[in-house]
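Every number for a ligand or one of its atoms is a count from 1 in the order of the listing. Numbers for residues simply follow the sequence, beginning at 1. Keep in mind it's a predicted model, so treat the numbers as computed, not measured.
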Amino acid sequence: MSSDPVPSGGATGAGMEPVASAQDRDGIYRGGQRLDHAEAASRPLRPTPEKQPRGAKIRGDRPIDQAEAAARFIAAPEHEQMHDARLWDLRQKRDREMHVIAEWEELRALASAIKEHTLTHLDEYLEQFEARARSNGVHVHWARDAAEHNRIVHEILADHGAKSLIKSKSMLTEECGMRHYMASVGIEVTETDLGERIQQLDNEDPSHVVVPAVHKLRTDVAAVFANTIGTDPDNSDVHYLAEAQRAATRPLILDADAGMTGCNFAVAETGTITVCTNEGNADLSANVPKLHIASIGIEKVIPRLEHLAVFVRLLSRSALGSPITQYTSHFRGPRAGGEMHFVLVDNGRSARLGMQEFWTSLKCIRCGACMNTCPVYRRSGGLSYGATYSGPIGIIIDPTFNARKYSNLPFASTLNGSCTNVCPVKINIHEQIYAWRRELVKQHEVPFVKNAAMKAAGEVLSRPAVYRAAVATANAALEHLPRFVIYNGLNAWAKHREVPHPPKQTFHSWYLEHRGKEP
Ligand code: SF4
């Protein structure tokens with residue numbers, strides 16, 4: 001059981017009340033009382049847990065070496081097997097939920113059509129959303145890019161003398177690097193989503209859009225909490241850890257000067273936003289402090305309230321295989337005596353809208369289903385992509401931010417199309433990944449060796465006679481070549497595989513022999 005995944009729910013913080021005493025190491029105390037429901041129920045099975053593999057090395061704008069980081073993840077078998085099994089479990093749960101809904105394919109088509117309609121009338125719906133939100137008493141701001149977003153949020157906080165901010169999970173704020181920016185200007189940010197808080201305390205980015213710490217074992221979390229909030233490093237019981245984090249975080253939530261949420265859907269006709277969580281942490285972030293700031297990607301707008309029903313039915317089923325998120329919270333305006341601010345962020349979205357082959361990636365509702373089904377993602381971990389967005393959708397989005405830095409990512413795919421099949425808004429993900437490969441070649445962002453190898457392969461594969469001659473030569477060579485010629489450090493393919501024995505007869509010659517003509 002040491003391979004249990006980390007839960008994706010709960011509360012967060014630092015500076016908890018007394019943790020375990022010498023006599024009672026499993027206990028959590030609040031107000032002098034021992035919390036019995038935080039009793040440890042299990043103990044770690046291994047005295048020296050497997051070390052957590054870290055993500056891709058970031059070296060400025062140099063291309064991320066996803067394969068190198070993936071190899072390190074695969075070399076940690078407990079992590080790799082847990083990650084693969086956990087995400088495949090989510091995929092299977094998603095399938096079960098899908099089969100319960102007879103009109104599933106119609107829902108997908110409808111969701112896709114609503115998104116495409118909205119994106120092709122984005123200016124109108126954004127203006128409508130802004131006008132309605134203002135009439136609801138919300139302050140609306142526009143941010144061209146990440147820097148402007150961070151500056152606007154900082155100015156709002158500074159205007160209110162706010163020094164501490166609690167926030168619920170938001171990939172947009174990750175994209176904007178907001179946490180690091182706020183640290184640089186002296187604002188203390190506390191994540192209220194348990195998975196996101198684990199990642200914050202470990203100084204790591206989220207590895208998945210829905211389950212940010214899914215790549216961690218319980219023992220990894222025990223080590224992080226032991227270092228940061230003083231829990232027992234040998235106790236990796238999930239109840240104990242979750243309760244410890246709750247006890248540590250609640251005081252920070254109650255004392256925070258401001259709260260922040262992301263936004264799953266922004267409804268143009270009402271000027272309202274909807275946030276879906278499983279922990280209720282968006283409600284804490286929005287409702288405990290009087291100042292609520294919401295960061296909203298401009299692609300999150302949908303025309304009407306009735307459209308929410310389509311997306312809410314698809315989102316959680318696709319993400320976690322559950323019929324609905326525990327909380328679907330709607331925010332309309334500031335509460336009495338409070339203030340609400342919406343920051344509408346472009347950060348490259350308008351430019352992507354103009355990219356003929358990639359604009360439909362803006363339909364994404366960040367459910368993570370494409371990640372859960374992807375064989376590369378499941379086995380290499382989200383941090384191996386070295387980017388805010390990982391997995392199949394990340395491969396499409398990331399190069400729009402920086403084609404050179406993320407030029408290797410579109411090759412981290414088998415192009416099997418499973419991502420496209422599960423996508424609730426019918427994005428042709430694997431086709432866009434393939435399109436990125438072509439685009440990167442055009443932009444000269446593919447390494448010379450790979451480019452030359454692909455060109456050579458193209459020449460061989462497009463000429464049947466040359467291909468057959470090459471196969472015959474390769475088969476004969478494989479029988480006689482010394483082993484080191486194939487299994488050496490230069491051939492990454494052979495690092496984890498054995499080349500199968502060549503068949504005595506190729507399919508082509510068998511066909512000619514038995515059918516007597518060209519297939
Ligand atoms: S691309 Fe589709 S499947 Fe992937 S996260 Fe976005 S909506 Fe979900």
Side-chain angles (χ1 to χ4, degrees), residues 8 87-88 90-95 97-98 104-105 107-116 118-119 169-172 174-175 195 206-212 214 262-265 274 276 297-302 307-308 310-322 324-325 349 352-353 355 357-378 382 385 387-401 406 409-410 412-436:
S8 159
L87 294 175
W88 187 243
L90 292 181
R91 160 70 209 266
Q92 289 178 309
K93 285 182 176 143
R94 173 254 174 218
D95 289 353
E97 283 298 323
M98 176 194 74
W104 182 261
E105 286 306 317
L107 274 179
R108 285 179 76 212
L110 195 52
S112 173
I114 294 168
K115 280 282 182 183
E116 289 192 10
T118 316
L119 288 167
K169 191 161 77 57
S170 154
M171 291 309 292
L172 177 57
E174 295 294 330
E175 179 187 316
S207 74
H208 187 287
V209 292
V210 175
V211 275
V214 70
C263 161
N264 290 91
F265 306 101
T274 304
C276 305
I298 56 171
E299 84 283 16
K300 292 295 171 84
V301 73
I302 56 173
H307 296 149
L308 261 184
V310 175
F311 294 104
V312 167
R313 291 184 81 195
L314 287 167
L315 179 61
S316 192
R317 287 186 168 92
S318 301
L320 300 171
S322 59
I324 194 163
T325 45
R349 285 159 176 76
R352 205 181 328 146
L353 195 55
M355 295 176 170
E357 292 190 282
F358 306 114
W359 72 274
T360 57
S361 63
L362 288 162
K363 293 192 289 182
C364 176
I365 57 172
R366 307 276 190 266
C367 72
C370 56
M371 305 157 100
N372 302 345
T373 200
C374 175
V376 176
Y377 177 87
R378 288 205 316 270
Y385 294 73
T388 302
Y389 301 102
S390 52
I393 185 63
I395 288 177
I396 301 169
I397 295 176
D398 296 324
T400 67
F401 292 118
Y406 303 116
L409 299 190
S413 169
T414 64
L415 300 182
N416 63 39
S418 179
C419 44
T420 300
N421 290 340
V422 298
C423 178
V425 286
K426 291 175 85 80
I427 300 172
N428 57 336
I429 303 172
H430 71 295
E431 289 171 357
Q432 293 194 35
I433 293 172
Y434 181 60
W436 259 118

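A distance of 12.5 Å separates CE of M355 from OG1 of T360, quoted to the nearest 0.5 Å. In this structure, CG on N421 lies 9.0 Å from NZ on K426, to the nearest 0.5 angstrom.
Electrostatic pairing of E105 and R108 counts as a salt bridge here, judged by a charged N lying under 4.0 Å from a carboxylate O.
Residues satisfying the ring-ring contact (aromatic ring centres under 6.0 Å, His included) criterion with F265, sequence neighbours excluded, are F311.
Using cut-offs of 30° and 60° for the angle between ring planes, the F401 and Y389 rings count as parallel.
Counting only protein atoms, the N, O or S atoms lying less than 2.8 Å from atom 8 (Fe) of ligand 1 are C367 SG, ordered by chain and residue number.
Atoms of ligand 1 found under 4.0 Å from any heavy atom of I429, numbered from 1 in the order shown, are 1 (S).
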message: Does S316 form a side-chain hydrogen bond (donor to acceptor under 3.5 Å, both in side chains) with T325? I'd like the steps, not just the answer.
response: CA-CA 6 Å; S316 192; T325 45; 5.4 Å; no
